[in-house]
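Read the structure below first, then the notes.
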Amino acid sequence: MEEALKQLEKESKILEGTPESRNSVGEAIHRYTEQFIQNMRKRKAFNLPEEADKQLNAIEFTEEGRSLSEILALFDRYVERPGLNPASGGHLAYVPGGGIPSAAWGDYMAAITNKYAGIFFGSPGAVRVENQVIKWLGDQVGYGGNFGGNLASGGSIANLIAIVAARDAFQLKGKEYEKTVIYGSSHMHHCLDKAIRIAGLGECIYRQIPLTNTFKLDVDILQKTIEEDQANNLSPFLVICSAGTTNCGVIDPMEQIADLCEEHNLWFHVDGAYGGLFAMLEEEKPKFNGMSRADSIVVDPHKTLFLPYGLGVVLVKNIEHLKKSQYYVADYMQDAKEYDDELSPAEVSPELTKHFRGMRLWLPLLLHGIAPFKACMREKLLLTRYFREGLKDIPNINVCNEPELSIFAFRYEDPRASKALNNRINELLVQEIHKDGRVFLSSTTINGEFALRIAILSFRTHKQEIDTALRVLHEKLIEIQRHHLANNSRNFIA
Ligand SMILES: *Cc1c(COP(=O)(O)O)cnc(C)c1O
């Protein structure tokens, strides 16, 4: 047996490595990531997928492993290259994520020390880090008093936790679902539709409140609808609004919605995954009036605080609601329950064992201070205005909405062309931008019409990238006129 143990120990120690092997792996990976960062502006923001990409599927896991250089080469060709490059400042689609290096170092420390951030008893320090980060984020959105929250993996899960908390706060029973009403809008993020279903609330009545002509949830209609529902013996329950919609970056009128929710005793949820944290900026605060009156708010530091993917946060105004919704009982956890100085993440989340996510925000905030984050947010807002101004120099481009934050939609619209032709040109424009790949923009549908949208939120997007975006747009429009429309009609683009 001793011999066998010796042999197995020797083999299993490969997992730990030696100081030399860890150093050389660390250095090689650092070299790779440094090159990645330093060559960012040479890399495309988007590479159309290719047939050859599939070769990744042929790579097998072997008993003996491979050399790191081989693995890095595979990664570079088959993982890093195809598709979107979210780390690129040219990523101007969807809601760009971040990837500040200091957050990766926070993750690295969390992973190497592997502190157990689920339960206070396990790691009081790790839990304090998480709670401190939650406290700071709550302060940023204007919460005070008995609020709390949870660091989840992203906005979708954070929204789900909030919807479940609302359900449990109202102690909804299955037999009441068909008379229970949820209010949202067509520009609400789709993860909330999902959250409603996953929370088992799919049988509730869902009312999609129409938008005003500036794409905000129409409060007058909301009020009328709530009152009608009450008159008809239904039970209004939850209003969901957006502090920055994904489609147009628009902020719903939260003050008025808060009034309504208060008056009618409804749960008021704000999805601020994209926009909520812009409330950190003094000059932007008035746009967010009413947000701090919400019963729950979601913010996504992996968007608006430029962190790598993996951190969305649910904040609940009265932490008791979240505790009531996520409590647990388990005999084998009895030791942990004795040490309760601070609330443990496991008491307010579906997760038990979890990644120590707090580190990816705690370290950057301490290291850089808050100021550079604010500067970066301000730069994005200003770049959005710069881009909007630049569009005025491209003939026949009209904005669908004036930017309120850093997302807005726009379209090519030649007054002399048919609706169908205009739509076609917009479609071609997106396709050509994707083929080109220097910048990546996406499309959406606004009032039934095909539109382009820009979302400026990458910390690596600066004036140079926006100038490129404007240039690409203009060039592609001219090319479309020359090639695609040659036989059709000329002179659509001046
Ligand atoms: C991105 C986003 C979500 C979803 O968050 P994930 O972090 O992608 O899961 C929800 N709501 C809004 C407004 C968003 O922009």
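Note that ligands are numbered from 1 as they come in the structure, with each ligand's atoms numbered from 1 the same way. Everything numeric in this text was worked out from a predicted model, so none of it was measured. Counting from 1, the numbers follow the sequence of the chain as shown.
- In summary, the atoms of ligand 1 found under 4.0 Å from a heavy atom of C191, numbered by their order in the structure, are 10 (C).
- Using a 4.0 Å heavy-atom cutoff, H302 is listed among the residues neighbouring ligand 1.
- In this structure, A158 has no heavy atom closer than 4.0 Å to ligand 1.
- Ligand-side atoms of ligand 1 in range of D271: 10 (C), 11 (N), 12 (C), 13 (C), range being under 4.0 angstrom from any heavy atom.
- Taking 4.0 Å as the cut-off between side-chain N and carboxylate O, K135 and D139 count as a salt-bridged pair.
- Less than 4.0 angstrom separates some heavy atom of T246 from each of these atoms of ligand 1: 12 (C), 13 (C), 14 (C), 15 (O).
- Between F46 and F440, the ring planes are parallel. Angles under 30° get that label, and only those over 60° would be called perpendicular.
- For ligand 1, the atoms sitting less than 4.0 Å from at least one non-hydrogen atom of D300 are 5 (O), 6 (P), 7 (O), numbered in the order shown with element in parentheses.
- Ion pairing of K354 with E130 is present here, as a side-chain N (NZ or NE/NH1/NH2) and a carboxylate O approach within less than 4.0 Å.
- Short contacts between ligand 1 and V95, defined as distances under 4.0 Å to a heavy atom of the residue, involve ligand atoms 15 (O).
- Taking distance alone, with nitrogen or oxygen atoms compared against 3.5 Å, G155 approaches ligand 1 more closely than that limit.
- The six-membered or imidazole ring of F36 lies away from that of F75, with a centre-to-centre distance of 6.0 Å or more.
- The existence of a salt bridge linking E449 and R411 is confirmed by a sub-4.0 Å separation between a basic side-chain nitrogen and an acidic carboxylate oxygen.
- Residue-ligand proximity: S242 is placed with every non-hydrogen atom at 4.0 Å or more from ligand 1.
- Within the listing of ligand 1, atoms 2 (C), 3 (C), 10 (C), 11 (N), 12 (C), 14 (C) sit less than 4.0 angstrom from a heavy atom of A273.
- No side-chain donor-acceptor contact under 3.5 Å links Y274 and T304.
- Salt bridge status for R81 with E50: present, with a side-chain N to carboxylate O gap under 4.0 Å.
- Comment: K224 does not engage E227 in a salt bridge, judged by the lack of any side-chain N to carboxylate O separation of less than 4.0 angstrom.
- Between H187 and D252, the side chains place no donor N or O within less than 3.5 Å of an acceptor N or O (distance only, hydrogens not considered).
- An N or O contact shorter than 3.5 Å links K303 to ligand 1 by distance.
- Listed by number with element, the atoms of ligand 1 under 4.0 Å from a non-hydrogen atom of G244 are 13 (C).
- If you look at S156 next to ligand 1, the close heavy atoms, those under 4.0 Å, come from the backbone and the side chain alike.
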